[in-house]
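Structure first, then comments.
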Amino acid sequence: MKYLVEMTGTKVIVHGIRDFNLRETLECGQCFRWNEEKDGSYTGVAFDRVINVKLDGDILIIDNTNLSDFNDIWFDYFDLGRDYGRIKDILSQDEVLKEAIKYGEGIRILRQDTWETLISFIISQNNRISQIKKVIENLSKALGHPIYYKDSVYYTFPKIKDIIVSDAEILNSSKCGFRAKYIIDAASKIFDEEINLFELQLYDTDFIRDLLMRIKGVGEKVADCVILYSIGRYEVFPVDVWIKKAVEFLYLKKKITNKDIQYFAKEKFRELAGFAQQYLFYYAKDHVSKEKFIEREK
DNA sequence: CTCCAGGCATCTC
DNA sequence: GAGATGCATGGA
């Protein structure tokens with residue numbers, strides 16, 4: 001991937017972008033802190049910074065940043081070093097994925113902060129994306145740090161210690177409901193160094209999954225989301241209700257256990273299973289109803 | 001009013 | 001192990 005990168009004022013401008021759609025990438029349920037502006041750009045908070053991103057053809061404009069942050073953070077965050085065209089070519093050999101990819105051809109898998117991803121997906125359980133976003137925003141307002149951009153105030157995601165020192169009242173007022181005790185357990189186990197969240201990269205995927213699942217409220221699905229979206233192990237295939245429906249209806253035409261779905265995906269998509277999962281999830285949400293596939297003419 | 005949401009813990013067999 | 005049930009909260 002070759003890009004021409006230039007800096008003007010507070011903007012970093014990247015020429016030569018391919019396979020990138022902001023809405024598909026930022027609203028496909030892998031992240032929760034981005035909001036669309038009237039001009040189609042997106043403003044969001046990540047890694048203690050607020051930025052605005054805009055795509056104009058093959059030009060990506062990142063505002064409120066600098067070259068060193070682009071190189072150290074945003075290049076990896078938006079996964080700009082990866083050739084998604086090649087991934088899509090390979091996955092498109094499968095007819096179902098070919099359709100799914102056509103529907104979300106600008107999806108990229110973000111490389112997010114591990115702690116934020118862990119808490120976000122703990123909150124995601126038995127919840128809706130709109131509600132998940134609200135709870136995370138509440139938590140950030142209550143326990144994060146204010147940062148300013150264009151006359152607006154944004155809030156960083158709370159640190160581990162912010163959760164540790166917060167009392168139950170604040171957590172409850174953030175409306176995370178029964179998940180509050182899970183968030184506290186996650187923060188405690190990490191703070192006490194029972195789980196070293198910042199060494200996970202060193203271990204193999206199964207070991208990381210076992211470690212994360214020692215946290216109350218973290219099962220296979222949440223663990224796999226953390227591993228895929230923040231550790232970058234692209235062979236994992238998080239199985240949620242939508243993926244389950246998609247695999248059952250689009251591939252197997254019968255009911256199947258979550259474990260068998262993982263075997264199926266691992267066998268079929270190999271080291272690209274994580275990408276396949278993301279395309280399928282985005283497609284299934286709009287094309288697979290509770291029980292059946294919705295036929296739609298083009 | 002009832003039902004349910006990018007699951008998981010817990011209990012039962 | 002597999003199956004059933006409760007869970008905070010708010011929107012449809």
Side-chain angles (χ1 to χ4, degrees), chain A residues 23-34 100 103-104 107-110 112 114 116-139 141-142 168-189 195 209-231 233-234 236-250 254-263 265 273-291:
Chain A
R23 177 173 292 134
E24 290 166 6
T25 297
L26 301 174
E27 297 193 30
C28 68
Q30 61 175 325
C31 56
F32 305 98
R33 301 214 64 197
W34 289 92
Y103 187 68
I107 292 176
R108 288 176 163 265
I109 294 188
L110 302 175
Q112 303 179 67
T114 302
E116 178 173 338
T117 307
L118 171 65
I119 299 304
S120 297
F121 280 91
I122 285 175
I123 292 167
S124 79
Q125 69 179 261
N126 205 38
N127 217 342
R128 303 159 204 263
I129 290 180
S130 58
Q131 189 63 19
I132 299 163
K133 286 182 74 169
K134 282 180 192 166
V135 171
I136 292 173
E137 213 50 44
N138 292 340
L139 271 180
K141 269 184 191 154
E169 297 250 340
I170 295 181
L171 231 48
N172 284 335
S173 68
S174 71
K175 303 297 179 189
C176 46
F178 67 91
R179 308 165 194 87
K181 54 185 178 289
Y182 301 154
I183 295 172
I184 291 170
D185 190 59
S188 304
K189 286 199 166 82
I195 296 169
R209 185 182 294 109
D210 289 343
L211 264 185
L212 289 171
M213 285 174 63
R214 284 160 61 177
I215 298 166
K216 291 264 185 209
V218 177
E220 288 203 29
K221 188 325 189 133
V222 170
D224 281 350
C225 284
V226 174
I227 293 168
L228 177 59
Y229 302 139
S230 84
I231 310 288
R233 300 288 168 82
Y234 300 103
V236 309
F237 192 84
V239 178
D240 65 14
V241 289
W242 289 106
I243 286 296
K244 187 173 164 66
K245 288 168 193 164
V247 171
E248 285 175 350
F249 192 83
L250 299 175
K254 63 171 184 178
K255 296 280 182 186
I256 182 176
T257 64
N258 285 9
K259 204 69 203 166
D260 284 337
I261 290 176
Q262 296 210 323
Y263 292 137
F275 300 102
Q277 192 269 6
Q278 202 60 33
Y279 293 121
L280 272 178
F281 175 79
Y282 189 72
Y283 180 74
K285 270 206 311 171
D286 292 342
H287 295 82
V288 178
S289 73
K290 288 183 195 285
E291 300 302 333

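We use all heavy atoms of the structure for the numbers below, so side chains are in, but hydrogens, waters and symmetry mates are not. Chain naming here is simple, since letters A, B, ... match the order of the sequence lines and numbering starts at 1 in each.
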*Distance, rounded to the nearest Å, where A:D240 contributes CG and B:dA5 contributes C1'*: 11 Å
*Contact class for A:V222 (heavy atom, under 4.0 Å): base, sugar-phosphate, or nothing?*
sugar-phosphate
*Contact class for A:G29 vs. all strands (heavy atom < 4.0 Å): base, sugar-phosphate, or nothing?*
base
_Counting the atoms with a prime plus P, OP1 and OP2 as sugar-phosphate, which does A:Y229 contact under 4.0 Å by heavy atoms, base, sugar-phosphate, or nothing?_
base
*Report the distance from atom CD1 of A:I183 to atom C1' of C:dA8, rounded to the nearest whole Å.*
12 Å
*asked:* Among C:dA8, B:dG6, C:dT9, which nucleotide has an atom closest to any side-chain atom of A:Q278?
replied: B:dG6
*Take A:N126 and A:S130, find for each the nucleotide of DNA chain C with the closest heavy atom, and name the residue whose nucleotide sits nearer the 5' end.*
A:N126
*Side-chain (A:K244) to main-chain (A:K255) donor-acceptor, under 3.5 angstrom*: no
*asked:* Taking atom types as they are modelled, would you say the side chain of A:Y182 forms a donor-acceptor pair with the base of B:dG7 within the 3.5 Å cutoff?
replied: no
*Which part of the nucleic acid, if any, lies within reach of A:C31 when heavy atoms closer than 4.0 Å are counted: base, sugar-phosphate only, or nothing?*
nothing
*Checking all strands, does A:K221 fall into the base, sugar-phosphate, or nothing category for heavy-atom contacts under 4.0 angstrom?*
base
*How close or far is atom P of B:dG6 from atom NZ of A:K133, stated in whole angstroms?*
14 Å
*asked:* Can you tell me if A:K216 touches the phosphate of B:dT10, counting only side-chain N or O atoms and a distance under 4.0 Å to OP1 or OP2?
replied: yes
_A:M213 CE - B:dC8 C1' separation (whole Å)_ = 10 Å
_Could you tell me how far apart A:I122 (CD1) and B:dC8 (P) are, to the nearest whole angstrom?_
10 Å
*Would you name the heavy atoms of A:K221 and A:F121 that are closest together and state the gap between them?*
NZ-CD2, 3.8 Å
*Within less than 4.0 Å of OP1 or OP2 of C:dA8, is there a side-chain N or O belonging to A:K181?*
yes
*Taking CD from A:E169 and C1' from C:dA8, how many angstroms apart are they, rounded to a whole number?*
16 Å
*Any A:K134 side-chain nitrogen or oxygen under 4.0 Å from OP1 or OP2 of C:dG11*: yes
_Ionic contact status for A:K189 with A:D185, cut-off 4.0 Å_ = yes
*Could you pick out which residue, A:C225 or A:G217, lies toward the 5' side of DNA chain B when each is mapped onto its nearest nucleotide?*
A:C225
*For the residue pair A:Y229 and A:Q278, confirm or rule out a side-chain donor-acceptor distance under 3.5 Å.*
yes
*C1' atoms of C:dC7 and B:dC4, separation to the nearest Å*: 13 Å
*On a whole-Å scale, what distance lies between the P atoms belonging to C:dA2 and B:dG6?*
26 Å
*If you measure only the distance, is there a donor-acceptor pair under 3.5 Å linking the side chains of A:Q262 and A:D224?*
yes
_Nearest heavy-atom neighbours spanning A:S120 and A:I136_ = OG-CD1, 3.4 Å
*Got a donor-acceptor pair under 3.5 Å from the side chain of A:R128 to the base of B:dC4?*
yes
*Check the distance between C:dC7's P and A:Q131's CD and give it to me in whole angstrom.*
18 Å
*Could you check whether A:Q30 gets within reach of a base, just the sugar-phosphate, or nothing at all, counting any heavy atom under 4.0 Å?*
base
*Mark this stacking check for A:F281 against B:dG6 as yes or no, applying ring centres under 5.5 Å and ring planes under 30°.*
yes
*Whole angstrom is fine here: how far is it from CD1 in A:I227 over to P in B:dG6?*
21 Å
